[in-house]
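What follows is a short report on a single structure.
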2 protein chains.
Amino acid sequence: MPNKKARTATVAGETAANVRDAEAARATLLAVAAQEFATRGFAGARLEVIAAEAGITRAMIYYYFGGREGLYVAVLEDAYRAIWKAEQALATQALGPQEALRKLVEFRVNYYIDNPTFVSLVSIENQHKARHLKRSRSVTSSAAPSLAHTASILAQGQALGVFRKDIDVVDLYQVIVSLGFFNASNRYTFGAIFGRNALDAAPVRRFVSDVVLRYVAVTPTTKGKKT
Amino acid sequence: MPNKKARTATVAGETAANVRDAEAARATLLAVAAQEFATRGFAGARLEVIAAEAGITRAMIYYYFGGREGLYVAVLEDAYRAIWKAEQALATQALGPQEALRKLVEFRVNYYIDNPTFVSLVSIENQHKARHLKRSRSVTSSAAPSLAHTASILAQGQALGVFRKDIDVVDLYQVIVSLGFFNASNRYTFGAIFGRNALDAAPVRRFVSDVVLRYVAVTPTTKGKKT
DNA sequence: GTCTATATATGGATAGAC
DNA sequence: GTCTATCCATATATAGAC
């Protein structure tokens, strides 16, 4: 797949180096495509540009992914895989429920700020009513561990009597994602209107954690207080 | 401006009917354009389609708005004007701070659900880093009353001792908008992954109000409890 | 498997008639 | 002020050479 190496390797005959090359080339193509789709949208992305920056020709995109749509779906799947994989690293830490929840919130706030391409791809996919995402078994089936992570923190806090019992885990998940995602996704319009810099992460982490911890707390936490 | 009425009226000679016609035609064009831009994006919108649905020709868009960009900016300005105007209707009600805040939250949750065109336009504008919005004095200068509304509720609650003193009004504003906006803007991907229907507004209004009221409360409110 | 070349389509912007 | 007609640029998708 990469530049001009005339190989005749069949699937059965692939060497380790071949596989590495093919995977690296695929990764490069996906990274370039993610960037281009995120910047110009699904229809606006130029296959020409993607191919050129990945060091291949347009025809290869058709050959490997069948065209624009196949490439775009692969990019989306990759993007979700990445955030969930990053989140799973948090799950191994042994912390009390409040601290675990705070870490989770901070992870989300940071991830969206640090990965504008992911944020744009998700926004774009919503403009297409998640038409492509719905067709991807890979994405819709692999969200479970992410939700389970939040659920386990919630359950732990409830068992210890520090979190309310009447919290729905999907509500909580939505609250965390909403606050984190919006801060990054709408930073330009919100910033233009209210003169805020969403990339200044520390104050955002602070008030978002505050909101979430107070939402679940049985009694008001004093952790988030500024005074 | 509307269909095939050969008029020779100058600006000075405009009759009331002329003005009404011109305004109605402009409103039609803006409504059609808003829909098309929201659906297909800034670059993806076809001027051809907009013109046809508004009952005019492409050339007229150039004549009146100078082209795609001028039309798009007018659409954006109109969209913000509309939400702020709708919000101002709330400001006249005489309520206690908790009830006023709840009404404000519910208004926002409902508005984003009921106005998907607005939500899409804002999302699209963020994908363009608010390039057009920044140039529009009309929008950036008219946000003040909206923020003032939230500020006055906050101040009232603080004066009565029911809201915390250490709440930043822009933080509060951002929390409300984040929760409401995301619910509508990301309903497709979130719904596809977690099987939620964001358009079922009642439960969303409930937990979002709960989150916001607990955020500002000096003591935990029991209003939001389900048990 | 990868490239070059091309057939084909689309739509933006504007000139000019009325 | 409004329409018709046209020029022109851009990109997709694929056929065919190597």
Would you tabulate the nitrogen or oxygen pairs shorter than 3.5 Å linking the protein to nucleotides 13-18 of chain D?
residue	atom	partner	partner atom	Å
dA13(D)	OP2	Y62(A)	OH	2.2
dA13(D)	O5'	Y62(A)	OH	3.1

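- For F42(B) and dG12(C), the CZ to C1' distance is 12 Å, given to the nearest whole Å.
- Pairing each heavy atom of L121(A) with each of A34(A), the nearest pair is CD2-O, 4.0 Å.
- The residue A45(A) sits close only to the backbone: its heavy atoms come under 4.0 Å of sugar-phosphate atoms, none of a base.
- Distance, L71(A) CG to dT12(D) C1': 14 Å, rounded to whole Å.
- The side-chain contact (heavy atoms from CB on, under 4.5 Å) search around N110(B) returns D114(B), A201(B), R205(B), not counting sequence neighbours.
- With sequence neighbours excluded, the residues that form a ring-ring contact (aromatic ring centres under 6.0 Å, His included) with F37(A) are Y72(A).
- For M60(A), whose side chain is taken as the heavy atoms from C-beta onward, the closest listed nucleotide among dT2(C), dG12(C), dT2(D) is dT2(C).
- When rounded to the nearest whole Å, the span between CD1 of I56(B) and P of dC3(D) equals 7 Å.
- Every residue two or more places apart in sequence or in another chain that forms a salt bridge (Lys or Arg N to Asp or Glu O under 4.0 Å) with E48(A) is listed here: R58(A).
- Listed by first and then second residue, the salt bridge (charged side-chain N to carboxylate O under 4.0 Å, His left out) pairs involving residues 128-152 of chain A are E69(A)-R135(A) (not counting sequence neighbours).
- Using a 4.0 Å cut-off, no side-chain N or O of Y63(B) falls inside it from OP1 or OP2 of dT14(C).
- Residues that satisfy the salt bridge (Lys or Arg N to Asp or Glu O under 4.0 Å) test with E106(B), not counting sequence neighbours, are absent from this structure.
- What separates CZ of R40(A) from C1' of dA11(D) is a distance of 13 Å, to the nearest Å.
- A distance below 6.0 Å separates the ring centres of F42(A) and H132(A).
- Rounding to whole angstrom units, CD1 of residue I50(B) and C1' of dG11(C) are separated by 13 Å.
- In this structure, E36(B) places its CD atom 13 Å from C1' of dG11(C), rounding to the nearest Å.
- Distances shown here put a side-chain N or O of T57(B) below 4.0 Å from the OP1 or OP2 atom of dC3(D).
- Between the P atom of dC3(C) and the CD1 atom of I61(A) lies a distance of 11 Å, rounded to the nearest Å.
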